[in-house]
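We count residues from 1, following the sequence as given. Counting starts at 1 for both ligands and their atoms, in listed order.
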Amino acid sequence: MNMVVYPGSFDPVTLGHMDIIKRSAGIFDRVVVCVLNNAAKKTPLFSMDERVNMLKDVVKKYDNVYVEQYSGLLVDFAKENDIRIIVRGLRELTDFDSELQMAQGNHMVSPDIETLFMATDPKLSFISSSMVREFASYGRSVRGFVPDEILPLIESKVKNNQ
Ligand code: PNS
């Protein structure tokens with residue numbers, strides 16, 4: 001079985017992420033979306049459980065997409081689950097440096113695991129979770145940035161945080 005992991009912090013999941021999930025689900029037998037911690041992003045807006053629940057809600061329409069969470073290294077998650085391919089979306093050139101570094105670092109510690117990059121749909125490439133968090137925190141609607149199903153959750157989270 002052709003199984004891949006699509007990792008990220010998903011704080012929160014965006015339509016850009018959804019594009020990569022949908023396209024990966026069309027290519028591979030099974031896609032495991034794995035929510036991990038990004039050491040560079042200190043204080044997530046959503047807890048790990050909230051991010052996982054949002055993802056589960058928005059991927060339930062795909063019968064070959066699963067959502068997991070992991071608190072260790074991505075390559076260890078992949079190994080534990082017999083996954084040899086990591087999928088990452090590339091939005092623009094500014095993603096490239098850090099993505100290449102991460103892929104090469106992961107390859108160094110686990111040469112049997114490959115990272116494949118998928119170019120984001122250009123209509124969605126400006127979207128980032130951090131932009132979503134910023135607009136939402138100033139009370140702006142993030143419709144068109146994230147799946148409609150999670151809009152109420154984002155709005156209530158931001159209200160409760162004020
Ligand atoms: O959505 P993000 O924040 O760009 O995803 C980055 C993520 C979570 C995939 C990355 O930080 C990660 O793999 N974290 C788990 C810890 C790990 O394996 N670190 C080594 C690679 S940098």
Side-chain angles (χ1 to χ4, degrees), residues 3-25 27-28 30-59 62 65-137 142 144-147 149-150 153-154 157-158:
M3 189 152 66
V4 297
V5 57
Y6 177 46
S9 39
F10 303 107
D11 185 33
V13 57
T14 67
L15 290 181
H17 296 131
M18 293 306 292
D19 171 54
I20 302 293
I21 292 171
K22 181 183 172 186
R23 287 160 58 201
S24 301
I27 299 171
F28 300 103
R30 186 180 286 213
V31 178
V32 181
V33 180
C34 186
V35 185
L36 292 139
N37 288 315
N38 181 338
K41 299 175 182 168
K42 295 275 179 249
T43 45
L45 176 61
F46 293 96
S47 70
M48 183 66 106
D49 285 345
E50 286 171 325
R51 288 180 268 155
V52 168
N53 288 336
M54 280 190 276
L55 274 161
K56 282 190 173 160
D57 190 24
V58 295
V59 306
Y62 304 113
V65 178
Y66 302 82
V67 182
E68 300 284 350
Q69 58 175 288
Y70 194 73
S71 54
L73 288 176
L74 168 58
V75 288
D76 289 335
F77 174 83
K79 263 189 203 144
E80 282 171 24
N81 290 278
D82 285 325
I83 298 175
R84 294 197 49 230
I85 302 171
I86 298 167
V87 172
R88 289 286 286 174
L90 271 185
R91 290 170 301 184
E92 53 202 36
L93 216 51
T94 49
D95 279 344
F96 187 74
D97 277 354
S98 56
E99 289 299 331
L100 186 64
Q101 206 177 18
M102 190 161 78
Q104 290 172 330
N106 283 336
H107 186 73
M108 182 81 172
V109 298
S110 295
D112 49 336
I113 296 175
E114 299 290 350
T115 300
L116 302 183
F117 294 110
M118 193 175 274
T120 303
D121 180 335
K123 291 192 290 298
L124 303 170
S125 61
F126 67 95
I127 300 176
S128 66
S129 295
S130 58
M131 183 189 267
V132 168
R133 292 194 301 273
E134 184 144 0
F135 277 129
S137 71
V142 286
F145 290 72
V146 301
E149 300 96 300
I150 67 166
L153 208 113
I154 294 180
K157 181 77 177 181
V158 165

Among protein heavy atoms, which lies nearest [atom], and at what distance?
atom: atom 16 (C) of ligand 1; answer: G72 O, 3.7 Å
atom: atom 1 (O) of ligand 1; answer: S9 N, 2.9 Å
atom: atom 4 (O) of ligand 1; answer: R88 NH2, 2.9 Å
atom: atom 10 (C) of ligand 1; answer: M102 SD, 3.9 Å

Please compare [options] and report which has the shortest non-hydrogen distance to [atom].
atom: atom 12 (C) of ligand 1; options: V5, N37, V13, V35; answer: N37
atom: atom 11 (O) of ligand 1; options: D76, I86, N38; answer: N38
atom: atom 19 (N) of ligand 1; options: V109, D95, L73, D11; answer: L73
atom: atom 21 (C) of ligand 1; options: T14, N106, L74; answer: N106

Short side-chain to backbone donor-acceptor contact, [X] and [Y], under 3.5 Å:
X: R133; Y: D11; value: yes
X: R88; Y: P7; value: yes
X: D57; Y: N53; value: no
X: D121; Y: K123; value: yes
X: R51; Y: F10; value: no
X: T120; Y: L90; value: yes

Using a 4.0 Å heavy-atom cut-off, say whether H17 meets ligand 1 through its side chain, its backbone, both or neither.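 No part of H17 is near ligand 1 at this cut-off.
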
Can you list every ring-ring contact (aromatic ring centres under 6.0 Å, His included) pair that touches residues 69-113, not counting sequence neighbours?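 Qualifying pairs, neighbours excluded: Y70-F77.
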
K41 heavy atoms, cut-off 4.0 Å: which ligand 1 atoms fall inside?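 Answer, ordered by atom number: 2 (P), 3 (O), 4 (O).
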
Using a 4.5 Å cut-off on heavy atoms from C-beta on, say whether the side chain of K157 contacts that of P12.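 No, too far: nothing below the 4.5 Å cut-off.
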
May I ask you to check whether E99 has an N/O atom sitting below 3.5 Å from an N/O atom of ligand 1?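 No, there is no polar N/O contact under 3.5 Å.
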
